[in-house]
Engineer: 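Let me begin by handing over the structure; questions about it come next.
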There are 2 protein chains.
Amino acid sequence: MSPRNSVREAHRTRQRIIDRGVVIASVEGLEGLTIGRLATELELSKAGVLGHFGNKESLQLAVVDAAAALFAREVPETVRDVPPGLPHLRALCEAWVSYLERDVLPGGCFFTAAAAEFDGRSGPVRDAVAGMNALWQRDLRIHIRHAISSGDLPSNVDADQLLYELAGVMLALNHFLQLQRDRSASARARRALRCLLGA
Amino acid sequence: MSPRNSVREAHRTRQRIIDRGVVIASVEGLEGLTIGRLATELELSKAGVLGHFGNKESLQLAVVDAAAALFAREVPETVRDVPPGLPHLRALCEAWVSYLERDVLPGGCFFTAAAAEFDGRSGPVRDAVAGMNALWQRDLRIHIRHAISSGDLPSNVDADQLLYELAGVMLALNHFLQLQRDRSASARARRALRCLLGA
DNA sequence: CCTACCGATCGGTAGG
DNA sequence: CCTACCGATCGGTAGG
C-alpha cells in the first residue's frame, strides 16, 4: 500500500474506535469505557487502540466530540430549514424527543449520562461535557428569544425559565425511558412541550 | 471488652463504612466506590471493609438503602405533619428543592446519579435503584390524586402527567446545580413548581 | 478486625 | 499496527 492509503486506513481505524467508544460510553459511562474492552471488541491490541489517542483522557475527549457530532446530525441539522424562532424551537424539541424515543444510542442520551458522571469532578473531560451543554443551550436560547421578540411567544416569557423547563422535560424523558423503561414517556414529553410552546 | 460491646463496635464500624460510601458514591458513582478507597479513608484494611458485606454488590446495596434513608429523613419525614393532598405535595416539593439546594451530598442527588449510572445495566443494584424511585413516585402520586379528588387541583389534571413534570423540574434542578453550578436554578425550580401546583 | 496473599484488569510504555 | 512488558489497583480469599 502507498503511504497515502496507509494514512487513510489509520484514520478509518481511529473512526471505528471512536464510534464504538460512543456506544460503549453511553451504557458504561466514559470511565467504564476501557481500552482493553475496545481492543477486544474491535480485534485490536490495546497499544493499537491507545496509539491513536496517546492516553485515555484524549480518547474520552474524542468520544465526547463524536457524541456531540452525532447529536448535531440527529437533531439541529434535521431541522436546519425550519424558519427561526418558535417554529424552529418546536421542530428542535420534536427532533430531540424523537432522538431519545428512537434509542439511537443504547444507553440513552450520551450527554445526560456524561453530565451525571462528571458533574462532581474537574478537568478537561468535565469541561468538554459542560461546554457542549452550554453550546446547545445557547442555541435553544437564541430561538426562544427570537420567538419572544417576534411575538410568537408572549413578551412576559422569561427565556431562561423556559429553557430550564424544556431541559426538565427532556431530562425526565430520558429518565423515564431508561430507568423505568416506560415507553409512554414520549407522549408525556410531547404533551408537556405543547403546554410550554403552544400547539 | 464484652462480646456485647464488640458487636456494637462492629455495627458502628459498618455504619461508618456505609455513611462514607454514600458520600463517595454521590461523587464517584456506585462503581467508582472502591473498597480500597473506603479502607484508606476510614483507616481500615480492605478485608476489614469487605468483611461487613461479603462482596462489593452487597456493599452497593447497603449504600443504596442508606441513601434512601437519608432522603426519607431529609424530605418526606420533615413534612410528615402537613395535611395530605395539595398542601402535602407542595411541602414535599419544597423540601425536595431545599434538599438539593443545601448540597446535603457533595455529588448532588444520589438517586439521579445512580439512575444514570445503572439504567443501562441489569441486576440487583439496578433493581434497587429503580425500586426506590418507584416507591418515591408512588408517594407523590398518592398526594397528587388526593389533591385532585379533594378539588384542590382541577379534575382534568392527569396525575401521571403532573408526576412527569415534577420529576422534570427536579432533574433539571440537579442538572443546573451540579453541571452548570448555577445557584439561581433553585429559584427557577420554585417558579416552575408554582406554575404546576399554584401559589 | 488484621496480614498476606491471589488472579484479573487497569492505563500506559518500549521497541519494532 | 504488533508483542511483550510495567506498576498500580481492582475485587476477593485464607487463615488467624
Side-chain angles (χ1 to χ4, degrees), chain A residues 1-21 24-25 27-64 117-118 121-126 128, chain B residues 1-21 24-25 27-64 117-118 121-126 128:
Chain A
M1 293 188 199
S2 68
R4 184 102 171 253
N5 206 355
S6 165
V7 165
R8 195 162 64 192
E9 281 300 304
H11 184 265
R12 278 198 38 165
T13 302
R14 191 188 142 96
Q15 203 51 54
R16 277 179 66 223
I17 296 168
I18 292 173
D19 289 347
R20 183 67 66 107
I24 295 175
V27 177
E28 310 285 347
L30 275 164
E31 216 59 59
L33 171 68
T34 68
I35 293 153
R37 176 163 173 187
L38 273 169
T40 306
E41 292 194 12
L42 298 170
E43 298 186 286
L44 294 169
S45 67
K46 289 200 321 177
V49 171
L50 202 51
H52 287 280
F53 306 94
N55 56 41
K56 180 166 178 177
E57 186 173 280
S58 301
L59 165 65
Q60 289 173 321
L61 290 171
V63 166
V64 170
E117 186 178 5
F118 279 85
R121 311 186 191 184
S122 57
V125 179
R126 191 219 131 91
Chain B
M1 294 189 198
S2 69
R4 182 104 170 254
N5 206 354
S6 166
V7 165
R8 194 162 65 192
E9 281 298 306
H11 185 266
R12 276 196 40 161
T13 301
R14 191 188 141 95
Q15 203 52 55
R16 278 178 67 223
I17 296 168
I18 292 173
D19 289 346
R20 184 66 66 106
I24 295 176
V27 177
E28 311 285 349
L30 275 164
E31 216 58 60
L33 172 67
T34 68
I35 293 154
R37 176 163 173 187
L38 273 170
T40 305
E41 293 194 11
L42 298 171
E43 298 187 286
L44 295 169
S45 67
K46 288 200 323 179
V49 171
L50 201 51
H52 287 278
F53 306 94
N55 56 41
K56 179 165 178 177
E57 187 173 278
S58 302
L59 166 65
Q60 290 173 322
L61 290 170
V63 166
V64 170
E117 186 177 6
F118 279 85
R121 310 185 193 184
S122 57
V125 179
R126 191 220 130 92

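Quantities reported herein were computed from a predicted structural model and do not represent experimental measurements. Order of the sequence lines sets the chain letters (A, B, ...), proteins ahead of strands, with each chain counted from 1.
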Engineer: If you measure from CD on B:Gln60 to CZ on B:Arg126, what distance do you get to the nearest 0.5 Å?
Structural biologist: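 Nearest 0.5 Å value for the CD-CZ distance: 14.5 Å.
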Engineer: So that I can compare with my own list, what are the stems of DNA chain D, taken as at least three consecutive Watson-Crick or G-U pairs with distances under 3.5 Å?
Structural biologist: C:1-16 with D:1-16
Engineer: How would you list, by chain and number, every residue that makes a side-chain hydrogen bond (donor to acceptor under 3.5 Å, both in side chains) with B:Ser45, sequence neighbours excluded?
Structural biologist: none
Engineer: Any side-chain to backbone donor/acceptor pair from A:Glu117 onto A:Leu30? Under 3.5 Å, distance only.
Structural biologist: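 Here the side-chain-to-backbone pair exists.
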Engineer: Considering residues at least two apart in sequence or located in another chain, which fulfil the side chain to side chain contact (heavy atoms under 4.5 Å, CB included) criterion with A:Leu44?
Structural biologist: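 Checked A:Leu44 against side chain to side chain contact (heavy atoms under 4.5 Å, CB included); matches are A:Thr13, A:Ile17, A:Leu42, A:Val49.
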Engineer: Rounded to the Å, how far apart are A:Arg12 CZ and D:dC1 P?
Structural biologist: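 Rounding to the nearest Å, CZ of A:Arg12 and P of D:dC1 are 10 Å apart.
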Engineer: Do the non-hydrogen side-chain atoms of A:Arg14 and A:Phe53 ever get within less than 4.5 Å of each other?
Structural biologist: yes
Engineer: Applying side-chain hydrogen bond (donor to acceptor under 3.5 Å, both in side chains), can you list everything that pairs with A:Ser58, at least two apart in sequence or on another chain?
Structural biologist: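 Partners of A:Ser58 under the side-chain hydrogen bond (donor to acceptor under 3.5 Å, both in side chains) test: A:Asn55.
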Engineer: For a quick check, with a 4.0 angstrom heavy-atom cut-off, what is the B/S/- contact string for nucleotides 2-16 of chain D, read 5' to 3'?
Structural biologist: BB------BBBB---
Engineer: To the nearest 0.5 angstrom, please state how far the CG atom of B:Leu50 sits from the NZ atom of B:Lys56.
Structural biologist: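 Spacing of CG (B:Leu50) from NZ (B:Lys56) equals 10.5 Å.
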Engineer: What residues form a salt bridge (charged side-chain N to carboxylate O under 4.0 Å, His left out) with A:Glu41, not counting sequence neighbours?
Structural biologist: A:Arg20, A:Arg37
